[in-house]
Every structure is written in structure tokens, then in C-alpha cells.
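Below is one structure, written out as C-alpha cells; comments come after it.
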Amino acid sequence: MNEITMRVLDMSTVLRPSNAYALVLEEIGPAKRKLALIIGAHEAHCIKIARIRYKTPRPLTHEMMSSVLKQGNLKIKKALIYDVTEGIYSSWLYVVCPDGTEYKVDSRTTDAICMSFYMNFPILVSEDLLNREMLRNISDDGSTYTLSVNSVSIDMLQKAMDDAVKAEDYERASELRDEIKRREKDREDD
């Protein structure tokens with residue numbers, strides 16, 4: 001599996017629902033492919049604090065975990081974003097022990113990104129996932145783009161379907177309805 005190194009490019013301030021943000025990662029390299037993760041307000045706040053290395057009066061969870069790992073002489077080699085299901089991205093942290101052994105830990109992608117700011121390790125994404133989920137139809141100024149349907153939750157699909165109906169875009173509304181039904185059926189089958 002090919003792994004592509006990413007960096008945090010930007011984060012929107014408002015997105016529907018209003019307590020959600022779009023965290024945009026960009027490929028480091030000539031292709032500059034982009035990946036958007038829809039995250040909550042708390043996660044966005046933590047990433048903003050970590051990104052500017054703001055010193056809080058007391059350590060936040062990511063700062064504390066970084067300290068624990070450093071004190072234990074454990075290093076994080078990399079974070080790998082490897083999957084997305086209903087808008088939720090999954091990641092592994094690859095940890096290196098003092099004796100050189102490595103293991104991987106399941107991680108929320110936003111936690112991995114926060115930790116990368118504190119511990120200075122790369123964020124990678126599997127190339128298959130990036131090719132499937134990358135932003136498309138990006139406007140010249142970067143203000144509008146198309147997300148993959150896998151990148152959003154059922155709630156957001158429902159809101160988009162309602163908006164499509166209000167705009168009388170019935171073809172789009174039916175596509176969104178079908179995706180919602182497919183996901184609900186998949187849940188029932190599990």
C-alpha cells in the first residue's frame with residue numbers, strides 16, 4: 001500500500017451543521033491532492049490550539065499524552081489514515097519502543113493530527129483512500145469543492161437531501177435518498 005504524506009492546509013470556520021468544520025489536508029508533493037475531514041467544534045478547537053502551539057494553563061489531553069510518551073521514551077513514527085466510513089476517518093499511530101520494536105494503535109484521526117503537532121511526526125494517508133476521497137471540482141480560489149459522499153455522515157446527507165428538495169433539484173435529492181437507504185440497509189445487515 002502506497003502512503004502519501006499530508007499536511008494541514010486549512011480549516012473552515014462554518015459548515016452545515018454549524019458546529020462542524022472542514023479540515024483540509026493537502027498532499028506534500030507536486031500533485032497537491034486534498035482531503036477534507038468533517039470534524040466537530042471541539043476537535044477543531046484542539047487542532048487550532050496544537051497548530052499554533054498555544055500554551056494552556058494546564059495541559060490538554062494531547063499535551064499530556066505527548067508528555068507521557070516522551071517520558072516513556074516512546075516515539076510515534078507516523079500516523080496513517082487508512083479508512084472512512086460514513087464520514088468517520090480511521091487512523092493508526094505507529095509507535096516505536098526504546099528497544100526498536102513497533103506497534104500500531106487505533107486512533108481518532110483528529111487525535112493523531114493533534115499529536116503530530118506536539119510530537120512532530122508525519123500524517124500519511126493510503127493512496128487508494130486519497131484517490132477515492134480527494135476533493136474534486138475545486139474552484140480557482142479554493143472556496144468551493146466537491147466532497148466524496150463517503151466523507152459525510154447520514155445526518156449531513158439528510159440535510160443535503162432536504163436542501164436539494166427545497167432547490168427543486170430532484171435528481172440530486174433522489175441520489176442522496178438512495179445513498180441514505182443503502183447505508184441504513186448496511187447497518188441493518190451488520
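FYI, side chains are in, hydrogens and waters are out, and symmetry mates aren't considered; it's all heavy atoms of this structure.
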Discussion item. Measuring from atom CG of Leu93 to atom OG1 of Thr109, what distance do you get when rounded to the nearest 0.5 angstrom?
Written reply: 9.0 Å
Worksheet item: Considering only heavy atoms from C-beta outward, does the side chain of Cys97 approach that of Tyr103 to under 4.5 Å?
Response: yes
Discussion item. Please report the interatomic distance CZ(Arg53) to CD(Glu63), rounded to the nearest 0.5 Å.
Written reply: 10.5 Å
Practice prompt. Could you give me the CA-CA distance, side-chain angles and deciding distance for Thr101 and Asp99, then say whether side-chain hydrogen bond (donor to acceptor under 3.5 Å, both in side chains) is met?
Written response: CA-CA 6 Å; Thr101 60; Asp99 67 2; 2.8 Å; yes
Worksheet item: Which residue, Glu43, Lys48, His42, forms the side-chain contact (heavy atoms from CB on, under 4.5 Å) with Cys46?
Response: His42
Worksheet item: Nearest heavy-atom pair of Lys34 and Val24: which atoms, and what distance?
Response: CB-CG1, 4.1 Å
Worksheet item: Which pairs pass salt bridge (charged side-chain N to carboxylate O under 4.0 Å, His left out) with one or both residues in residues 111-126, sequence neighbours excluded?
Response: Arg108-Asp111
Worksheet item: Would you call Glu26 and Arg33 a salt bridge, using N to O less than 4.0 angstrom?
Response: no
Worksheet item: Which atom pair, heavy atoms only, marks the closest approach of Ala112 to Ala79?
Response: CB-CB, 3.8 Å
Worksheet item: Which atoms form the tightest heavy-atom contact between Ala41 and Tyr21, and what is the distance?
Response: CA-CE1, 3.6 Å
Worksheet entry | Lys75 versus Asn73, closest heavy-atom pair with distance | NZ-OD1, 3.6 Å
Fill in: Contacts of type side chain to side chain contact (heavy atoms under 4.5 Å, CB included), residue Ser174, not counting sequence neighbours
Arg177
Worksheet entry | For Pro122 against Thr5, the heavy-atom pair lying closest together | CB-CG2, 4.4 Å
Discussion item. Is it the case that over 12 heavy atoms from other parts of the model lie below 6.0 angstrom from the NZ atom of Lys32?
Written reply: yes
Worksheet entry | Heavy-atom check, side chain of Tyr89 versus side chain of Glu133, under 4.5 Å | yes
Practice prompt. Please assess Ile47 against Ile39 for the test side-chain contact (heavy atoms from CB on, under 4.5 Å), listing each intermediate value before the final yes or no.
Written response: CA-CA 10 Å; Ile47 289 170; Ile39 63 174; 4.0 Å; yes
Discussion item. Distance check, rounded to the nearest 0.5 Å: Leu135 atom CG versus Leu9 atom CG?
Written reply: 9.5 Å
Worksheet, complete the sentence: Rounding to 0.5 Å, atoms CG (Leu25) and CE (Met6) come to a distance of 5.0 Å
Discussion item. Are more than 12 heavy atoms, taken from residues, nucleotides or ligands other than Asn120, located less than 6.0 Å from that residue's CG atom?
Written reply: no
Worksheet entry | Within-4.5 Å side-chain heavy-atom neighbours: Lys70 and Met119 | yes
Item to complete: Go through the steps for Arg7 and Glu27 under the test salt bridge (charged side-chain N to carboxylate O under 4.0 Å, His left out), then give the verdict.
Response: CA-CA 6 Å; Arg7 70 179 183 95; Glu27 176 180 3; over 6 Å; no
Worksheet item: Got a second to check how far Ser66's OG is from Phe117's CZ, nearest 0.5 Å?
Response: 12.0 Å
Fill in: Any side-chain heavy-atom pair of Ile76 and Met115 under 4.5 Å
yes
Discussion item. Please identify which of these residues, Leu129, Leu124, Ile123, meets the side-chain contact (heavy atoms from CB on, under 4.5 Å) condition with Leu80.
Written reply: Leu124
Discussion item. Run the salt bridge (charged side-chain N to carboxylate O under 4.0 Å, His left out) test on Glu102 and Lys77 for me, step by step, so that the C-alpha distance in whole Å, both residues' side-chain angles and the decisive distance to 0.1 Å come before the verdict.
Written reply: CA-CA 9 Å; Glu102 292 184 23; Lys77 178 179 174 180; 3.2 Å; yes
Fill in: Cluster overlap Leu35 with Ile28, hydrophobic side-chain contacts below 4.5 Å
no
Worksheet entry | Flag side-chain contact, heavy atom, 4.5 Å: Glu3 against Val125 | no
Practice prompt. Please answer: with hydrophobic residues joined when any side-chain heavy atoms are less than 4.5 Å apart, are Tyr94 and Val96 in the same cluster?
Written response: no
Response to the item:
When rounded to the nearest 0.5 Å, the distance separating OG of Ser107 from CD1 of Ile81 is 9.5 Å
